[in-house]
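So you know, we letter chains A, B, ... as the sequences are listed, proteins then strands, and number each from 1. The structure displayed is predicted, hence computed values, not measured ones.
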Protein chains: 2
Amino acid sequence: MAHSDQYIDKLRKSGLRPTKQRIKICEVLFDAEKTFHFTIKELVKIIENQANIKVSLATVYNTVHAFIRKGYLKEIPLNASQSYFDTNVTHHHHFFDEEENKLIDIHQDDVDEVNIKRTIPGKKIRSVEVIAKIVSDNQSQK
Amino acid sequence: MAHSDQYIDKLRKSGLRPTKQRIKICEVLFDAEKTFHFTIKELVKIIENQANIKVSLATVYNTVHAFIRKGYLKEIPLNASQSYFDTNVTHHHHFFDEEENKLIDIHQDDVDEVNIKRTIPGKKIRSVEVIAKIVSDNQSQK
DNA sequence: ATAATACATTATATTTATTCTAAACTGTTG
DNA sequence: CAACAGTTTAGAATAAATATAATGTATTAT
């Protein structure tokens, strides 16, 4: 199966051996029809539901972080109590609904390129993220 | 003292009675010559150093969050283990140095206005933040 | 193959930021 | 000064994330 080879490749490039558990994590993350957002807890739950193998929290944490280091996943900058991740690593941004604690993608085409004119000596920009916080639009309240 | 009146006003508008502890918090936050970034832990440490009164963690958390609700402070969206806050509530953005865990302001003039063309029905945008993550620029490594 | 070695997985414990709680305290009002 | 509403506080509770150490699994060289 071609997919499986891709996963093994991703794992090897992340410095991880391709094991049953890690391949299962890859399947959930990269087999989905659409990209999606998730927390570690949600990811564990998905794996539990669709797999007959058990994967521990520690393995999920380690694997997700290895993928982030490598750029196969993105962490979404948010002040939530848990970390949110994204399988969509292309250039795009997010709405965060503060009332429902929900993330919504903003397609790259819907935001003009963010052009930062200032630079920091000796540093380069690794990523630029736009977070637009949204709330209910009740004209009544201020 | 004029300052003190401002603090009492801010506290009242945030739905809090002006008490010794809360006024001390205001002094540290709003008396500074320049705006600054802080974590709760850092704020507590500053208060301990320059005040002769004791303020508990709980009071600091409650007061800071009341000010954020009211817009007197901003929370900076970041996936750090602790929350970062900003006494600068004007429209501006941030670099986050991932290696030194340091925040650097980006002046509004240094970023073109972020114009989001997409809207969500029934929702309005409450804030737009740009986070640019930076790392050392070693040409040698990829 | 098999032994030796290196890496993985797991359950559990630990750490740490944040929130909750209940008791003691303060200040205001009748 | 008694009653009351709101505050402060220390410490407990919660929960995410990380570390640990024992056990399990894969790989390598012989």
Side-chain angles (χ1 to χ4, degrees), chain A residues 4 7-28 37-48 51-70 73-85 98 101 103, chain B residues 4 7-8 10-28 37-48 51-69 73 75-86 98 101 103:
Chain A
S4 186
Y7 303 154
I8 291 171
D9 188 54
K10 275 196 160 93
L11 287 167
R12 287 241 162 84
K13 284 189 177 154
S14 305
L16 299 173
R17 281 199 198 156
T19 64
K20 264 203 305 288
Q21 288 84 351
R22 288 170 180 163
I23 288 172
K24 184 68 220 172
I25 293 171
C26 286
E27 283 172 18
V28 171
H37 309 126
F38 63 95
T39 64
I40 294 288
K41 235 170 91 181
E42 286 166 358
L43 180 54
V44 169
K45 204 174 265 177
I46 296 170
I47 293 170
E48 275 173 2
N52 38 0
I53 61 171
K54 176 93 185 46
V55 181
S56 74
L57 254 187
T59 300
V60 175
Y61 271 106
N62 294 339
T63 307
V64 165
H65 283 127
F67 284 159
I68 284 174
R69 256 176 267 125
K70 200 65 194 169
L73 293 174
K74 265 204 316 196
E75 187 165 10
I76 301 167
L78 272 185
N79 287 114
S81 54
Q82 343 168 47
S83 297
Y84 282 79
F85 305 93
E98 291 192 311
N101 261 50
L103 276 166
Chain B
S4 187
Y7 303 154
I8 289 170
K10 275 199 162 90
L11 287 166
R12 288 241 162 83
K13 284 189 176 154
S14 306
L16 299 174
R17 281 199 195 156
T19 64
K20 264 204 306 288
Q21 287 84 349
R22 288 171 179 161
I23 287 172
K24 184 68 221 169
I25 293 171
C26 287
E27 282 173 18
V28 170
H37 309 127
F38 64 94
T39 65
I40 295 287
K41 236 169 90 182
E42 287 166 359
L43 180 53
V44 169
K45 203 174 267 177
I46 296 169
I47 293 171
E48 274 174 2
N52 38 358
I53 59 171
K54 175 92 186 49
V55 181
S56 74
L57 255 188
T59 299
V60 175
Y61 270 105
N62 294 339
T63 308
V64 165
H65 282 130
F67 284 158
I68 283 173
R69 255 175 267 126
L73 292 175
E75 187 166 10
I76 301 167
L78 271 185
N79 287 113
S81 55
Q82 346 169 45
S83 297
Y84 281 78
F85 305 94
D86 200 339
E98 293 192 310
N101 261 49
L103 277 164

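- The CZ-P distance, from A:Arg12 to D:dA26, rounds to 13 Å in whole Å.
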What is the per-nucleotide protein-contact pattern of nucleotides 19-30 of chain C, from the 5' end, where B denotes a base atom under 4.0 Å from a protein heavy atom, S denotes such proximity for sugar-phosphate atoms only, and - denotes neither?
BB----------
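- Checked against C:dA11, D:dT9, D:dA17, the side chain of A:Ser56 finds its nearest nucleotide in C:dA11.
- Within the 4.0 Å cut-off from OP1 or OP2 of C:dT10, at least one side-chain nitrogen or oxygen of A:Gln21 is found.
- Between A:Ile25 and A:Thr59, the closest side-chain pair of non-hydrogen atoms falls below 4.5 Å.
- Counting heavy atoms from C-beta outward, B:Ile47 and B:Lys24 have side chains that approach closer than 4.5 Å.
- With a 4.5 Å cut-off on side-chain heavy atoms, B:Arg69 and B:Ser14 do not count as touching.
- Rounded to whole Å, atom C1' of C:dT16 lies 17 Å from atom CG of B:Asn79.
- Residue B:Ile68 contributes atom CD1, which lies 13 Å from atom C1' of C:dT18 at whole-angstrom precision.
- With hydrogens and angles disregarded, a donor-acceptor distance shorter than 3.5 Å links the side chain of A:Arg22 to the backbone of A:Arg17.
- Between B:Glu48 and B:Lys45, no side-chain nitrogen of the basic residue sits less than 4.0 Å from a carboxylate oxygen of the acidic one, so the salt-bridge criterion is not met.
- Rounded to whole Å, the distance from OH on A:Tyr84 to P on D:dA16 is 11 Å.
- Two residues are said to be in side-chain contact when any heavy atoms from C-beta on lie closer than 4.5 Å; B:Val55 and B:Thr63 fail this criterion.
- Between A:Ile23 atom CD1 and D:dA26 atom C1' the separation is 13 Å, expressed in whole Å.
- Between B:Phe85 and A:Asn79 the shortest side-chain heavy-atom distance does not fall below 4.5 Å.
- Not one side-chain nitrogen or oxygen of A:Ser81 sits closer than 4.0 Å to the OP1 or OP2 atom of C:dT18.
- Between the P atom of D:dT27 and the CD1 atom of A:Ile8 lies a distance of 10 Å, rounded to the nearest Å.
- Both B:Ile53 and A:Glu75 lie close to DNA chain D; mapped to their nearest nucleotides by heavy-atom distance, the more 5′-ward contact belongs to B:Ile53.
- For D:dA17, one of the phosphate oxygens OP1 or OP2 lies less than 4.0 angstrom from a side-chain nitrogen or oxygen of A:Ser83.
- For the pair A:Arg22 and B:Gln82, nearest-nucleotide mapping onto DNA chain C gives the more 5' position to A:Arg22.
- For C:dA17, the OP1/OP2 oxygens have a side-chain nitrogen or oxygen of B:Lys41 closer than 4.0 Å.
- Atom CD of A:Glu42 and atom C1' of D:dA15 are 15 Å apart (whole Å).
- D:dA10 atom C1' lies 9 Å from atom NZ of B:Lys54, rounded to whole Å.
- Contact annotation: A:Thr19 side-chain N/O to C:dT9 OP1/OP2 distance is under 4.0 Å.
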